[in-house]
Protein chains: 2
Amino acid sequence: MTEKDDFSLQDFLPFLLNRAAEDSSLEFQAHYKNRYGMLRNEWRVLFHLGIFGQMTAKDIGDRAKIHKTKISRAVAKLAERRFVSRSRDEKDRRSEHLRLTPAGEAAYRDLRSQAQSYDAQIVERFTPEEVAMLRRMLRQLAGIEEPASR
Amino acid sequence: MTEKDDFSLQDFLPFLLNRAAEDSSLEFQAHYKNRYGMLRNEWRVLFHLGIFGQMTAKDIGDRAKIHKTKISRAVAKLAERRFVSRSRDEKDRRSEHLRLTPAGEAAYRDLRSQAQSYDAQIVERFTPEEVAMLRRMLRQLAGIEEPASR
DNA sequence: CCTTGTTAGTTACAAAATCAACTATTAATT
DNA sequence: AATTAATAGTTGATTTTGTAACTAACAAGG
């Protein structure tokens with residue numbers, strides 16, 4: 001079992017990104033799963049609602065590039081657990097406004113602070129400049145526009 | 001729908017990594033799926049065998065951190081298509097040595113060159129220094145030891 | 001209006017991932 | 001040697017995802 005090639009799997013960005021993503025979210029994933037029984041998409045939706053206050057499923061999908069099917073199911077679960085409330089838009093009865101309930105807010109705050117300290121822990125081994133650069137490059141790869149003024 | 005917080009989802013590394021990983025592998029995924037009908041795990045196994053020549057399923061799992069169940073099924077498919085041949089280890093009859101058949105080698109070479117040029121295309125927008133840094137940081141996040149002398 | 005097209009969201013069916021149990025074989029312990 | 005534990009790999013049951021088709025509501029052009 002000796003390497004015999006130059007372009008290794010470990011140079012291949014899609015592979016590397018997937019591995020880094022899996023590895024880096026494992027612990028956090030375990031946490032939010034155990035604590036709230038939330039899957040990745042539910043947690044993403046919760047975050048968006050926590051950050052933006054009120055959105056439709058479409059808003060979330062556009063912003064996070066999550067497929068509407070996933071959002072629909074995530075919202076259904078969150079609503080079932082009373083983390084999210086829904087209300088029809090009376091101007092356009094196709095869409096539904098979503099917002100966090102008090103319980104949802106509490107879960108959001110908790111997960112958010114978890115995320116923040118988990119993030120800090122991941123990033124510990126790099127310099128602030130490296131981290132800034134990493135985030136910038138990842139945003140570009142993810143097709144997320146640079147935040148205007150931060 | 002206005003932002004009201006400081007620590008955005010888009011700063012959170014596990015989120016960012018997942019998004020970047022998804023985005024960057026989408027196109028490539030479409031390619032290898034259409035061309036060889038291979039799924040991500042099959043393609044990963046193929047790559048490992050192409051790079052290392054001969055390995056057991058365990059070797060692959062250890063190196064790529066893929067669960068043995070996935071490897072078992074991926075290998076089954078690859079063997080069915082005659083991309084991989086298996087032979088029992090007579091010293092330890094529990095394990096099986098895997099290697100690529102000529103057809104497997106051909107598929108590997110093809111996918112490898114695809115991967116290489118796809119990688120180059122992803123990376124186009126950054127400077128070589130940035131790319132080197134990105135790979136290094138991602139390897140660290142993925143828990144992959146730095147290649148000794150490259 | 002009334003056909004045609006578009007959009008928001010849900011649901012159904014197929015494909016895949018996950019987790020646990022299982023077989024076969026080897027290693028370790030008494 | 002006999003028992004117990006550990007390891008390589010497979011299989012099966014359950015959960016999750018992904019793709020596509022579907023419903024309901026609105027929009028635009030004739």
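Chain naming here is simple, since letters A, B, ... match the order of the sequence lines and numbering starts at 1 in each.
dT10(D) atom P lies 13 Å from atom CD of Glu80(B), rounded to whole Å. Rounding to whole angstrom units, CD1 of residue Ile71(B) and P of dA8(D) are separated by 11 Å. Atoms NZ (Lys91(A)) and C1' (dA24(D)) sit 20 Å apart, rounded to a whole Å. The separation between Glu42(B) atom CD and dA16(C) atom P is 8 Å, rounded to whole Å. Rounded to an integer number of Å, the gap from Asp89(B) CG to dA8(D) C1' is 11 Å. Rounded to a whole Å, the CZ atom of Arg88(B) is 8 Å from the P atom of dT10(D). Protein atom CG of Asp92(B) is 12 Å distant from nucleotide atom C1' of dA6(D), rounded to whole Å. Per the geometry, NZ belonging to Lys58(A) stands 15 Å off C1' belonging to dA25(D), to the nearest Å.
Under the side chain to side chain contact (heavy atoms under 4.5 Å, CB included) test applied with Leu78(B), the options Tyr36(B), Trp43(B), Phe83(B) reduce to a single match, Phe83(B).
When distances are taken from the side chain of Arg73(B) to each of dG12(D), dT19(D), dA6(D), the shortest belongs to dG12(D). Here the nucleotide nearest the side chain of Glu96(A), chosen from dT10(D), dG9(D), dT10(C), is dT10(C). Which of dC19(C), dA20(D), dG9(D) sits closest to the side chain of Thr69(A) comes down to dA20(D).
Judged by closest nucleotide on DNA chain C, Thr56(A) is the one of Glu90(B) and Thr56(A) placed further toward the 5' end. Each of Arg94(A) and Val75(A) was matched to the nucleotide of DNA chain C holding its nearest heavy atom; the match closer to the 5' end belongs to Arg94(A).
One finds a side-chain N or O of Arg86(B) lying less than 4.0 angstrom from the OP1 or OP2 phosphate oxygen of dT10(D). Contact check, Lys70(B) against dT18(C): a side-chain N or O comes under 4.0 Å of OP1 or OP2. Listed pair Lys68(A) / dT10(C) fails the phosphate criterion, with no side-chain N or O lying under 4.0 Å from OP1 or OP2. In this model, the phosphate group of dA17(C) is approached by a side-chain N or O of Asn41(B) to a distance below 4.0 Å at OP1 or OP2.
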Next item on the list: Report the C-alpha distance between Lys68(B) and Asp62(B) in whole Å, list the side-chain angles of each, state the deciding distance to 0.1 Å, and finish with yes or no for salt bridge (charged side-chain N to carboxylate O under 4.0 Å, His left out).
Entry: CA-CA 9 Å; Lys68(B) 58 183 181 175; Asp62(B) 288 348; over 6 Å; no

Note to self: One pair to check against side-chain contact (heavy atoms from CB on, under 4.5 Å): Gln140(B) and Met137(B). What are the steps and the verdict?
What the structure shows: CA-CA 5 Å; Gln140(B) 212 168 325; Met137(B) 293 179 85; 5.6 Å; no

Next item on the list: Decide yes or no on side-chain contact (heavy atoms from CB on, under 4.5 Å) for Arg125(A) and Leu141(B), but give the supporting numbers first.
Entry: CA-CA 10 Å; Arg125(A) 50 189 137 175; Leu141(B) 291 173; 3.8 Å; yes

Notebook entry, point to check: Does the salt bridge (charged side-chain N to carboxylate O under 4.0 Å, His left out) test come out yes or no for Asp89(A) and Lys91(A), once each step is laid out?
Noted result: CA-CA 5 Å; Asp89(A) 181 335; Lys91(A) 313 269 186 238; over 6 Å; no

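A salt bridge between Arg63(A) and Asp59(A) is absent, with no side-chain N of the basic residue lying under 4.0 Å from a carboxylate O of the acidic one.
Between His48(B) and Phe52(B), the angle of the ring planes stays under 30°, which puts this pair in the parallel group of the 30/60° scheme.
Listed here is the closest heavy atom pair of Val45(A) and Ala74(A): CG2-CB, 4.0 Å.
Applying the 3.5 Å distance criterion, the base of dA8(D) shares no donor-acceptor pair with the side chain of Ser72(B). Between the side chain of Arg93(A) and the base of dT23(D), no donor-acceptor pair under 3.5 Å is found.
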Check: In dot-bracket, 5' to 3', how would DNA chain D read with Watson-Crick or G-U wobble pairs under 3.5 Å, [ ] for crossing ones and | for pairs to another strand?
Finding: ||||||||||||||||||||||||||||||

